[in-house]
Every structure is written in structure tokens, then in C-alpha cells.
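Whatever order the structure lists them in is the order used to number ligands and atoms, beginning at 1.
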Amino acid sequence: MQNLTVIDHPLVQHKLTIMRCKETSTAGFRRLLREIAHLLCYEVTRDLEVELVDIETPVKAMRAPTLKGKKLVFASILRAGEGLLEGMLDLVPSARVAHIGLYRDPETLEAIEYYFKAPSDVADRLVIVVDPMLATANSAIAAVTKLKERGANNLRFLCLLAAPEGVERFTKAHPDVPVFTASVDEKLNEHGYIVPGLGDAGDRMYGTK
Ligand code: PRP
Ligand code: URA
């Protein structure tokens with residue numbers, strides 16, 4: 001699929017396998033999510049533009065590359081987006097952060113918004129939306145729609161796991177937003193869970209089940 005990048009780096013796949021295991025502890029799951037976010041962040045930012053600036057090393061003056069343009073925005077879909085966000089901020093500490101509070105209605109699977117806060121100038125920045133799970137895509141579609149309403153026009157969506165149905169729905173709704181994921185799994189089940197997946201990402205991160 002044109003707008004989809006599957007990050008199949010062996011370290012990503014190895015860590016993802018441990019996260020999927022039902023025996024993995026809450027603490028272990030959170031630590032792995034943060035670690036894997038470093039590797040995913042590396043890939044989703046691979047083609048960022050750089051510009052040369054004049055610096056002096058202790059040895060010699062030189063022109064050296066630095067990131068070009070305004071600081072990035074990382075937009076975290078609550079709750080589970082926070083796990084990816086932490087790791088992304090380890091690598092890009094100066095990024096601005098947006099928070100979008102959404103939960104899935106367990107019956108209808110519709111995304112219900114309960115919070116939104118974003119930098120006022122999202123129109124001038126690359127916005128990377130993060131959420132570990134792209135299942136029906138209701139949450140991701142709603143988050144990106146809201147960010148676009150606030151002016152965002154340069155967006156990427158980063159997740160850990162996606163269902164084929166979710167990728168299809170998301171790319172239809174937002175064909176201008178590239179999707180990055182570590183895996184496209186088999187399918188969604190009748191409850192809207194990714195199969196085989198890893199269960200409920202928020203519950204596994206915070207031990208709320
Ligand atoms: C999970 C996950 C995504 C959403 C994905 O959140 O973190 O946001 O489900 O499902 P979708 O693609 O079908 O919308 P959930 O709604 O369980 O909320 P939580 O993060 O607060 O637990
Ligand atoms: N949300 C999750 O946390 N897990 C799924 O499998 C689907 C949606």
C-alpha cells in the first residue's frame with residue numbers, strides 16, 4: 001500500500017514479540033514500548049530536512065547539519081499514546097506536544113473525545129500523531145480530523161500495530177497522511193480487537209485490567 005511503511009527492523013520485531021506475550025509484566029511492557037518508540041521515531045523522522053550551520057569544534061570551524069524548520073509536534077492519543085510519546089521525546093526533546101483524549105465506546109467502537117490541547121501554530125509544523133494501536137481507525141481518523149480543523153496540514157501517523165481494516169479505512173479518510181507501523185496483523189475480531197495483537201494497550205501499560 002502506497003502510504004504505508006512497515007518498520008521491520010529486527011530489534012523492533014524482537015521487542016514487539018515480547019510485548020505481545022501475555023506473560024510480559026506491566027513494567028516490562030512500558031519499558032519495551034519506550035524502547036521501541038526510539039526505533040520507530042528513528043524511522044518516522046528519517047527523511048526530515050537538514051540545513052548547514054556554522055559551528056566551531058575544539059579543532060576547527062565547520063558547517064554542520066542541523067534539523068531545518070520549526071520544531072516538530074508529537075500528538076499523543078490518550079492514554080496509550082503516552083507510552084510512544086515518552087520514547088519519542090527521548091530522541092527529540094524539543095518537540096512540542098499535543099494531547100488528544102479519546103476512548104472507544106465498547107459497544108459502538110466510536111471514538112469519544114474528552115480532551116484536546118495542541119500548540120496554536122500546528123499549521124506551521126510537521127505533526128506526528130502517535131498511538132500504539134490502529135484497529136478500526138476510528139480514534140486515529142478522529143484525531144487527525146481534529147488536528148486538521150486546527151490547521152495542521154503536514155501529518156504522519158505512527159503506531160505499533162495495525163489491523164488491515166484500520167489501515168484501509170485510515171488511508172481512505174486521510175490519503176495525505178502516511179502511516180508507519182511495526183506490523184499489520186491478521187484482522188479485527190468481533191470486539192474490534194487486533195488479532196493476534198497484544199490485547200488492550202492502555203490496560204497493559206497501566207495494569208488496569
Ligand atoms: C485504544 C488505542 C487506540 C484505540 C484504537 O484506546 O490506544 O487509541 O483503542 O482503536 P480504534 O482504531 O478502533 O479506534 P482506547 O480507546 O482503549 O482508550 P485508552 O487508550 O484510554 O485505553
Ligand atoms: N485498542 C487496543 O488497545 N487494542 C486493540 O487490539 C484494539 C484497540
Side-chain angles (χ1 to χ4, degrees), residues 1 3-4 6 15-26 28-30 32-34 36-37 40-41 44 74-88 97-118 127-148 155-175 177-209:
M1 206 177 283
N3 243 2
L4 175 72
V6 178
K15 289 175 192 296
L16 176 56
T17 297
I18 304 172
M19 292 180 77
R20 289 181 188 274
C21 290
K22 62 180 183 189
E23 296 83 12
T24 298
S25 68
T26 300
F29 189 90
R30 265 206 310 270
L32 283 158
L33 185 55
R34 190 169 181 148
I36 220 168
L40 300 179
C41 182
V44 77
F74 296 149
S76 163
I77 302 181
L78 302 174
R79 285 178 296 173
E82 292 298 278
L84 279 181
L85 173 69
E86 288 301 316
M88 303 274 290
V97 176
H99 288 99
I100 304 154
L102 291 168
Y103 71 89
R104 291 201 313 176
D105 181 296
E107 300 301 323
T108 66
L109 302 182
E110 289 304 313
I112 315 288
E113 184 182 316
Y114 60 89
Y115 186 78
F116 183 88
K117 187 87 180 172
V127 180
I128 302 177
V129 182
V130 299
D131 187 331
M133 311 303 271
L134 183 68
T136 64
N138 286 340
S139 306
I141 291 171
V144 169
T145 300
K146 182 84 183 198
L147 286 160
K148 285 183 174 175
L155 293 118
R156 298 175 186 186
F157 182 79
L158 174 66
C159 61
L160 186 58
L161 280 188
E165 298 91 330
V167 175
E168 196 179 333
R169 285 194 67 228
F170 183 84
T171 50
K172 238 182 218 150
H174 294 295
V177 181
V179 175
F180 294 76
T181 185
S183 174
V184 179
D185 275 13
E186 272 170 48
K187 60 175 183 178
L188 285 180
N189 70 13
E190 63 279 18
H191 306 295
Y193 276 81
I194 298 174
V195 179
L198 51 71
D200 185 300
D203 284 344
R204 294 209 57 194
M205 278 174 65
Y206 296 118
T208 42
K209 194 79 181 187

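Closer than 4.0 angstrom to ligand 2 sit non-hydrogen atoms from R104, M133, A135, G192, Y193, I194, G199, D200, A201.
Using a 4.5 Å cut-off on side-chain heavy atoms (C-beta onward), N138 and F170 make no contact.
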Test ring pair (Phe, Tyr, Trp, His ring centres under 6.0 Å) on F157 and F180 and set out the steps. CA-CA 6 Å; F157 182 79; F180 294 76; 9.9 Å; no
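Of the charged side-chain nitrogens involved, at least one lies within less than 4.0 Å of a carboxylate oxygen, so that D185 and R20 count as a salt-bridged pair. Here D200 does not pair with R104 in a salt bridge; the nearest charged N to carboxylate O distance is not below 4.0 Å. A salt bridge between K172 and E168 is present, with a side-chain N of the basic residue lying under 4.0 Å from a carboxylate O of the acidic one.
F29 contributes atom CZ, which lies 8.5 Å from atom OG1 of T24 (distance to the nearest 0.5 angstrom).
Contact detail for I194 and L134: the closest heavy-atom pair is CD1-O, 3.6 Å.
Side-chain atoms of T208 and D203 include a donor-acceptor pair closer than 3.5 Å.
Put simply, the side chain of R156 never gets that close to the backbone of V129: no donor and acceptor are under 3.5 Å apart.
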Ligand 1 polar-atom proximity to protein (N/O, under 3.5 Å):
from: ligand 1; atom 1: 7 (O); to: D131; atom 2: OD1; distance (Å): 3.0
from: ligand 1; atom 1: 8 (O); to: D131; atom 2: OD2; distance (Å): 2.4
from: ligand 1; atom 1: 12 (O); to: A135; atom 2: N; distance (Å): 2.9
from: ligand 1; atom 1: 12 (O); to: T136; atom 2: N; distance (Å): 3.1
from: ligand 1; atom 1: 12 (O); to: A137; atom 2: N; distance (Å): 2.8
from: ligand 1; atom 1: 13 (O); to: R104; atom 2: NH1; distance (Å): 2.7
from: ligand 1; atom 1: 13 (O); to: T136; atom 2: N; distance (Å): 2.9
from: ligand 1; atom 1: 13 (O); to: T136; atom 2: OG1; distance (Å): 2.5
from: ligand 1; atom 1: 14 (O); to: S139; atom 2: N; distance (Å): 2.9
from: ligand 1; atom 1: 14 (O); to: S139; atom 2: OG; distance (Å): 2.5
from: ligand 1; atom 1: 16 (O); to: R104; atom 2: N; distance (Å): 2.8
from: ligand 1; atom 1: 20 (O); to: R79; atom 2: N; distance (Å): 3.0
from: ligand 1; atom 1: 20 (O); to: A80; atom 2: N; distance (Å): 3.3
from: ligand 1; atom 1: 21 (O); to: R79; atom 2: N; distance (Å): 3.4
from: ligand 1; atom 1: 21 (O); to: R79; atom 2: NE; distance (Å): 3.2
from: ligand 1; atom 1: 22 (O); to: R79; atom 2: NE; distance (Å): 3.2
from: ligand 1; atom 1: 22 (O); to: R79; atom 2: NH2; distance (Å): 2.9

